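Heads up, the thing below is written out as structure tokens.
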Amino acid sequence: MSYPDSRWIRRGLFLLLGAGSVLLLVALGGIVRLLLISALVAYLADPLVRKLQARGMQRTTAVGLVFFLLTVLVVSGGLVLLPHTLAQLKDIQTGFPADQFSAIIDRVERWVQEISHSFGIEANSLRAQLEELPQRWVGQLPQALPGLMGMLANLTLIPFFSFFLLKDGPSIRKGLINAVPNRYFELTLSILHKMDLQLGGYLRGQFIAALVVAVLATIVLYLFDVPYYLLIGVIAGLANMIPYLGPIAGALLAIIVSMLTQGTIGHAAGLLVAFVVIQQIDNLVIQPLVLSRNVALSPLMILLSVLVGGTLFGFVGLLLAVPATAILKVTIYETVTTLRRYRFG
Amino acid sequence: MLQMDSFWANIFNRKKAEQAVQELLVQIPLFESLSQRELAALEDILYRRNYKAGELIFRQGEPGAGMYIVLEGTVSIIYEPTGETLTQLSHGDFFGEIALLNETPRSATAQAQTTCTLLGFFQPELLDLLSRNPRLAVKILLPLAQIAGQRLIDADKKLLLMHEALHALQDGSPDLTTEDKYDELSRLPLD
């Protein structure tokens, strides 16, 4: 009687364990996503805690101080900006200034009709569809309400998780590394260290660059008297994390809103120039200063990741697609390179 | 009462174990200038690893991530491919410290001769310490640099002696002084 090779049994068990873990992660999707976002927040805040520790502060005190400062910043920022944001959101719901809106819609509708005619297609009335939009949004509100409540709960849980992940991060990391078998121990340490070197600089740099672009865009939009300047500024900053496409999307959004409300070409051209200047500042000043490491991703990879992220996870997926792809790329690259150096590959 | 006893016994045993580790650490040239508090901070970032007899700790040629300190058991340092045992290390001995500075390939294989408990101190932890507690990191880095410098001086001396011995052999006249040099050469550390 022959027994199967114990190595194959072990590999089979590992595969089963891997599949079980993936299934568990999918089943606990919401919690896993929350934990991942909290881990990202903790990872971004870690250098601040280290700086305080280097000045002789205990880690727990340093984490407490960082969270206190962040809370003060978020709450005071919220108190100042929230009324503006809500007012601007309300503006969107009630609509643009009626006469300008009507004139622009007429103009756009005429273009669409002409183009459709030349292609032999009968276009539906744009005005009717646009007028239906606010009612449709209001109609969807009751279904969206539980989602909004969940989002609020998540917003409370993320700081909570982040605090503990930041405070206990080193011991959690040590505990996980300690569980690695002896043969793969140094290899694991080496891979994690290199990933941290590559990604830490990239992710923190992207975050700071997005923040600076959001502030600059908001100031420019405010100076150009563009309505919803705050919302568009924040969207432009967030979109900046998507290379190539993001900056264009941010500028386009600002120009479209400006055209719809002010309607002058000169105004739009001014905005375009301002956004090009912001981009140049971002590329030539901010990014070289804050991005200590860059993860080279090809335009095709960026486009694909944005499409996949957007399809699977909506707006959040759209924004996090590029950093997530960068994490994946660095993980695979560092693992394969280090495995080869340790003669596993 | 029994539970309480075991609770206190546990705490006291842990304290004793921590003290034993710190007493061991202070004997190592890298850590001899550290205060009690600094030793405790250092202990927090060390990894305690257990090895079975015969288990490999690292292989010659692999990139080194850091150093090991023998807490319990015996470790053999083996030169490949000859399989010659260069030395055997036991309680309080340490090896691989240059890997703390640079991820260079290991110059020999380390294998557990008996069941071993080692304390591992690795480059990522040292770099992390440098950003969190630069004063402590510098107190470790300075003797490490001195050890590396001494190794360089020894290697230079060894190279010079080998060079002279080679010349003497080429001339075909190994004299008394050459034999003295062989002796001196054999007394120098291998790495």
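Values below: all heavy atoms of this structure, side chains included; hydrogens, waters and symmetry mates excluded. The structure displayed is predicted, hence computed values, not measured ones. Residue numbering restarts at 1 for every chain, and letters A, B, ... go by the order of the sequence lines.
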Only heavy atoms, only distances under 4.5 angstrom. Which residues in residues 89-102 of chain B are near chain A? none
Using non-hydrogen atoms and a limit below 4.5 Å, what part of residues 33-50 of chain B faces chain A? B:E43, B:D44, B:I45, B:L46, B:Y47, B:R48, B:R49, B:N50
Just to verify, what does B:T85 make a side-chain contact (heavy atoms from CB on, under 4.5 Å) with, not counting sequence neighbours?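 Testing B:T85 for side-chain contact (heavy atoms from CB on, under 4.5 Å), a comparison that skips the adjacent residues, returns B:S76, B:I78, B:Q88.
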Does the pair A:R183/B:E62 count as a salt bridge with the N-to-O cut at 4.0 Å?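 Judged by the 4.0 Å cut-off on N to carboxylate O distance, A:R183 and B:E62 do form a salt bridge.
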Is it the side chain or the backbone of B:P134 that comes within 4.5 Å of chain A heavy atoms, both, or neither?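 Side chain of B:P134 only, per the 4.5 Å heavy-atom cut-off to chain A.
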Heavy-atom contact with chain A under 4.5 Å, split by part of B:E103: both
Straight-line distance of A:N182 CG to B:C116 SG, nearest 0.5 Å: 10.5 Å
Roughly how far apart are B:D128 CG and A:D196 CG, rounded to 0.5 Å?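 Those atoms lie 8.5 Å apart.
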Beyond-backbone contact of A:F185 with B:F58, side-chain heavy atoms, under 4.5 angstrom: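 Answer no - side chains too far apart.
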Do the non-hydrogen side-chain atoms of A:H193 and B:E125 ever get within less than 4.5 Å of each other?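 No. Closest side-chain heavy atoms not under 4.5 Å.
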Under a 4.5 Å heavy-atom cut-off, does chain B meet the side chain of A:L192, its backbone, both or neither?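 Interface part for A:L192: neither.
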Does A:F207, at its CZ atom, have more than 12 non-hydrogen atoms belonging to other residues, nucleotides or ligands within less than 6.0 Å? no
Looking at A:M57, A:R59, A:R173, which makes the most heavy-atom pairs under 4.5 Å with chain B?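 Heavy-atom pair counts peak at A:R173.
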Applying a criterion of heavy atom separation less than 4.5 Å, what residues of residues 47-56 of chain A form contacts with chain B?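 Answer by number: A:R50, A:Q53, A:A54.
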